[in-house]
Amino acid sequence: MNPGWLHAVTLLWALCPSTRGQCDKSSETSKLNLSVTYELPTFTADFPIENMVTLEGIIYVGTVNRIFALAPNLTKLSEYHTGPLLANETCGRTPTGTGGGSRVDNHNIALVVENIYDKGLYSCGSADNGVCRRHVLDDEDMSPKTVDEQVYCFADKVRQGRGQPSDSDVVVSPSGSQVLNVESNVIKFFVGNSEIPGLEKVSENATHPHTLSLRKMKTSQNGFTFFSNHSYMDLIPPLRGKYYLRYVYSFHSGPFTYFLTVQRVSRNSRAYHTRIVRMCSSDLVIRRYVEMPLECISTDKRRRRSTEDVKVFNILQAAHVAKVGSDVELQKQLKVEEDDDVLFAAFARGKPNSPEPTPNSAVCIMSLKHINNMFKMYMQRCNTVEDVYKRQIIY
Ligand SMILES: *[C@@H]1O[C@H](CO)[C@@H](O)[C@H](O)[C@H]1NC(C)=O
Ligand SMILES: *[C@@H]1O[C@H](CO)[C@@H](O)[C@H](O)[C@H]1NC(C)=O
Ligand SMILES: *[C@@H]1O[C@H](CO)[C@@H](O)[C@H](O)[C@H]1NC(C)=O
Ligand SMILES: *[C@@H]1O[C@H](CO)[C@@H](O)[C@H](O)[C@H]1NC(C)=O
Ligand SMILES: *[C@@H]1O[C@H](CO)[C@@H](O)[C@H](O)[C@H]1NC(C)=O
């Protein structure tokens, strides 16, 4: 890594052409035998499933009002009720005016596992004032605890129905969040909090979560701390509550942590696009930060060149990063080796001037090597155009 260019990085995009993942329509028809009946294990939740993580073979599922632990064959091992909650059952005091005496549903905004201090699961719900609950999973006799055995609000001085969480303990946003655990010798939580205009009922006393932040778990295991006041950044005040920014996916690969967002093309544009954000996982402050647009383009090669059908898919719907694996054809196409990371990204064409998808969609596969090369070219070629975030850049 060349520290020269990494240090000189800031927000670079608008002037540059987009990174394009090329998709070709498959000409081969599927060889799947549709008359075979597959017997697959199933699990049916009573509420919509919102998040899923695995730790040592056990599958943890976050739904509205429930957290489940499932065996590899999908039989239920344990269950924890996260809602519906009365105001005095939420983590911290719910600001007056919300809830009252009625129960509110608790949506699972984030579900994260941790494996360094003790085995633990964090579930962050919409009713808990931005605070996450920690489910201790470690047990002396090696089989993990159930998800309901030892659970507490993960915030200093905050109990159910009591206390105001501090800035560093307010992790997630009601508009949605991406929480990523990057483990080295400390556990770092990278968090991207979405801002969806009109969705959040802004209550004056609720602590507003930072837009992008990284924090560590306290060794006392009762909350988080920021490494410094450079460990977070926020949308600039004029854009607060007015600028659409949605964190769709997060992952780490090699020395980097990435976020994928859907947001407005610029402060004054009415159009929307997808961006990829990259930071150094080893940094304790948000310093080596860079972002660029990402889109998925399909070219229909069956048509004659003059009428070549080029479709741009601009709104990311879902993504997943995995090793490319033993698919030799895919390795050849992407020019990667078996244990290289590749990004599978499902895009849709957006409605005009809207983040809403149309039924037109495509999946692009991009190697992280290629994405990192694009970042390198971006940083060498482009100028900063506009900064929608309030933050301090340290060199
Ligand atoms: C598809 O599967 C069915 C049931 O196993 C089998 O009878 C049939 O021969 C298979 N067809 C092909 C083309 O492999
Ligand atoms: C599923 O796995 C659990 C735990 O490993 C086991 O107790 C149970 O018998 C299995 N159920 C089925 C239907 O295989
Ligand atoms: C919470 O409030 C309800 C009434 O609103 C009351 O019945 C219940 O006992 C309270 N729970 C706790 C733990 O204080
Ligand atoms: C906000 O907090 C202040 C001081 O703690 C309190 O007086 C006020 O009533 C609170 N407002 C709301 C809407 O909860
Ligand atoms: C960050 O902290 C330093 C001192 O620790 C202080 O001088 C600076 O004003 C702070 N910056 C912000 C944005 O709070």
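One is the number of the first residue; the rest follow in order along the sequence. Atoms within a ligand are numbered from 1 in the order they appear, just like the ligands themselves. The shown structure was predicted, so the numbers you read here are calculated from the model rather than taken from an experiment.
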Engineer: Check the orientation of F189 and F224. Use parallel for under 30°, tilted for 30 to 60°, and perpendicular for over 60°.
Structural biologist: perpendicular

Engineer: Taking S123 as the fixed residue, which of R134, R133, H135 is the one that meets the side-chain hydrogen bond (donor to acceptor under 3.5 Å, both in side chains) rule?
Structural biologist: H135

Engineer: Below 6.0 angstrom between ring centroids: does that apply to F259 and Y249?
Structural biologist: no

Engineer: Can you tell me how the ring of F43 sits relative to the ring of F68, calling it parallel under 30°, perpendicular over 60° and tilted otherwise?
Structural biologist: perpendicular

Engineer: Would you give me the side-chain donor-acceptor pairs under 3.5 Å for residues 315-323, sequence neighbours excluded?
Structural biologist:
from: Q317; atom 1: NE2; to: I315; atom 2: O; distance (Å): 3.3
from: K323; atom 1: NZ; to: D341; atom 2: OD1; distance (Å): 3.0

Engineer: Validate the cation-pi geometry between R278 and F256: distance from NZ or CZ to the six-membered ring centre under 6.0 Å, angle to the ring axis within 45°.
Structural biologist: yes

Engineer: Just jot down the ligand 2 atoms closer than 4.0 angstrom to any heavy atom of N73, in number order.
Structural biologist: 1 (C), 2 (O), 3 (C), 8 (C), 10 (C), 11 (N), 12 (C), 14 (O)

Engineer: List, for ligand 3, each N/O atom that has a protein N/O partner under 3.5 Å away, with both atom names and the distance.
Structural biologist:
from: ligand 3; atom 1: 2 (O); to: N88; atom 2: ND2; distance (Å): 2.3
from: ligand 3; atom 1: 11 (N); to: N88; atom 2: ND2; distance (Å): 2.9
from: ligand 3; atom 1: 14 (O); to: N88; atom 2: ND2; distance (Å): 3.3

Engineer: Using a 4.0 Å cut-off to any heavy atom of S35, which atoms of ligand 1 qualify?
Structural biologist: 1 (C), 2 (O), 3 (C)

Engineer: Report yes or no: do N193 and E195 form a side-chain donor-acceptor pair below 3.5 Å?
Structural biologist: no

